[in-house]
Amino acid sequence: MTGAPVGKMRDIKFTRIADYTYEIARNQEEGMNVPGILFSDPEMLDHILADQSAQQVINVSKLPGIVRASYAMPDVHSGYGFPIGGVAAFNYDDGIISPGGVGYDINCGVSFLVTDLSYDDIKHRKRELVDEIFKTVPSGLGHRSELSLDNSQMNEVMTEGINWAIDQGMGISSDRDHTEEGGKLMPADPSNVSNSAKQRGKNQLGTLGAGNHFLEIQRIDQIIDKDTAEKFGITKRDQIGIMIHTGSRGLGHQVASDYIDLINRKYGQDESGIPDRQLIYARTGTDMFDRYFAAMNAAANFGFCNREIISAMVRKAFSKIMGTEEDEIRLVYSIAHNIAKVEEHVVDGKSIKLIVHRKGATRAFPPGRKENGHLFAETGHPVLIPGDMGTASYIMVGKEGNMDRSFSSSCHGAGRMMSRKRSSDTFIASAVQQNMESRDIYLRTASRKAIVEEAPGSYKNVDMVVSVTEAAGLAKAVARMIPTGVVKG
DNA sequence: ATGTAC
């Protein structure tokens with residue numbers, strides 16, 4: 001049934017307008033330029049209402065130049081200004097860009113690699129493999145890389161993205177076709193990145209970081225869409241893959257804080273009508289817009305390069321322990337889920353240029369978009385969904401028609417259900433680890449804190465998030481992976 | 001998420 005109000009909490013009214021799709025009408029609050037749209041189910045709506053995310057969806061809908069709707073993906077939760085799991089597109093000719101709409105971890109994202117190895121091939125060496133990766137890939141807060149870059153190398157990384165790593169022998173040239181935009185976003189201008197941001201990045205290339213960032217050895221658990229899986233190189237149950245979830249580290253974080261600060265100082269007064277200070281933005285056509293966009297792309301390129309170099313370290317570890325060749329560990333895809341992109345979309349029957357913010361949301365283009373590249377023209381590019389460390393992760397692809405539903409965006413993970421603090425108060429590290437061990441998941445972490453804060457019970461059920469994402473018509477599952485070895489910051 | 005901080 002469509003059209004009847006289904007809930008009212010915190011004075012926010014939702015109307016079910018389609019399968020797993022709820023609307024917050026434009027008349028909900030004064031100043032909304034577009035409605036809010038949440039992809040969810042009745043059970044998950046409760047989680048949304050328990051935090052600030054629905055209000056944040058409303059706040060975003062009031063920003064200038066927003067087109068069609070302010071969206072929340074099924075894994076939405078509250079974030080800095082914009083919700084995590086939020087998608088907002090602005091008219092490129094008369095809109096805005098907002099650092100809060102991208103998030104502090106610019107190009108936080110995922111790489112997934114597959115091997116021809118089966119679980120049986122690695123199980124007797126699994127601990128050695130994980131230990132080797134844990135030893136060679138620095139993880140945790142403040143842990144430095146053995147790579148130390150000078151200014152000119154930093155500038156190259158920020159303009160060239162993964163090409164820098166490939167030129168250095170830390171990557172394979174074919175990885176370009178398996179990375180969003182070839183792993184090099186443009187325009188990227190390091191001169192718009194502060195010295196302190198560059199300083200922070202110099203010893204962080206090839207580091208995993210902390211929080212929900214991870215590196216997992218996974219086994220293919222279910223192949224859901226056999227044809228597509230095969231095109232992605234996934235052919236059998238128990239096939240071994242490696243998932244890397246990390247971003248642009250301290251460099252991206254510094255770029256975000258620098259520009260939030262700069263924009264606030266320059267436009268804070270003029271934009272006093274803004275519903276939340278944290279939504280501060282630069283308007284299209286201003287120098288500030290161009291500077292942030294080019295700095296964000298520079299940080300994103302650092303993020304792509306970071307995942308590429310970690311992939312090279314994984315290839316090396318597999319080679320040392322398993323005797324595999326570099327090209328036997330194949331990149332399926334590397335994609336961002338914290339980014340703003342310039343994209344063409346049809347709005348009101350006309351194709352227009354937009355600046356699409358995806359913050360904790362994954363681009364999910366179906367076949368037919370040039371961005372897919374030649375390899376994924378027929379399938380759509382892989383959409384990588386990292387779950388929690390004890391349950392599962394997914395590969396999906398965009399569903400036909402999702403351009404009209406979410407500007408071709410999908411969920412980006414399970415989404416937190418408990419705050420880090422509440423997780424720390426709820427879980428005991430040894431019990432979490434033991435539980436994982438009993439399910440054959442070997443865990444190495446840089447800190448005890450990571451174990452409790454990242455306990456699987458802190459997250460929404462990823463299977464449910466994925467099934468709502470499917471039912472809402474955003475993306476469809478291709479394969480489900482389960483972790484067997486986990487490295488956490 | 002992040003050298004836990006203006």
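Numbers restart at 1 for each chain; the letters A, B, ... are given by sequence-line order, proteins then strands.
- Residue A:Gly252 is out of contact with every strand shown, counting any heavy-atom pair closer than 4.0 Å.
- Here the C1' atom of nucleotide B:dA5 and the CG atom of A:Leu141 are 14 Å apart, to the nearest Å.
- A straight line from CZ of A:Arg265 to C1' of B:dC6 spans 12 Å, rounded to a whole angstrom.
- Between the CG atom of A:Asn338 and the C1' atom of B:dT2 there is a distance of 13 Å, given to the nearest Å.
- At a cut-off of 3.5 Å, with distance as the only test, a side-chain donor of A:Tyr394 or A:Asp463 sits close to an acceptor on the other residue.
- Contact annotation for A:Ala210: backbone-only contact, meaning every heavy-atom pair under 4.0 Å involves sugar-phosphate atoms and none involves a base.
- Using a 4.0 Å heavy-atom distance criterion, A:Arg144 is classed as making no nucleic acid contact.
- As judged by a 4.0 angstrom heavy-atom cut-off over every strand, A:Gln204 is placed among residues touching the sugar-phosphate backbone only.
- Evaluation of the salt bridge (Lys or Arg N to Asp or Glu O under 4.0 Å) test over residues 143-165 of chain A, restricted to residues two or more places apart or in two chains, returns A:Glu160-A:Lys184.
- Counting to the nearest Å, the P atom of B:dT2 and the CG atom of A:Asp261 are 20 Å from each other.
- Taking CE from A:Met389 and CE from A:Met436, the interatomic distance works out to 4.5 Å, rounded to the nearest 0.5 Å.
- Between the C1' atom of B:dT4 and the CZ atom of A:Arg249 lies a distance of 14 Å, rounded to the nearest Å.
- If you measure from atom NE2 of A:His143 to atom P of B:dT2, you get 12 Å, rounded to the nearest angstrom.
- With rounding to whole Å, A:Arg277 atom CZ is found 16 Å from B:dC6 atom C1'.
- Look at CG on A:Leu262: it is 15 Å from P on B:dC6, rounded to the nearest Å.
- The side-chain contact (heavy atoms from CB on, under 4.5 Å) test applied to A:Val34 returns A:Ser61, A:Ile66, not counting sequence neighbours.
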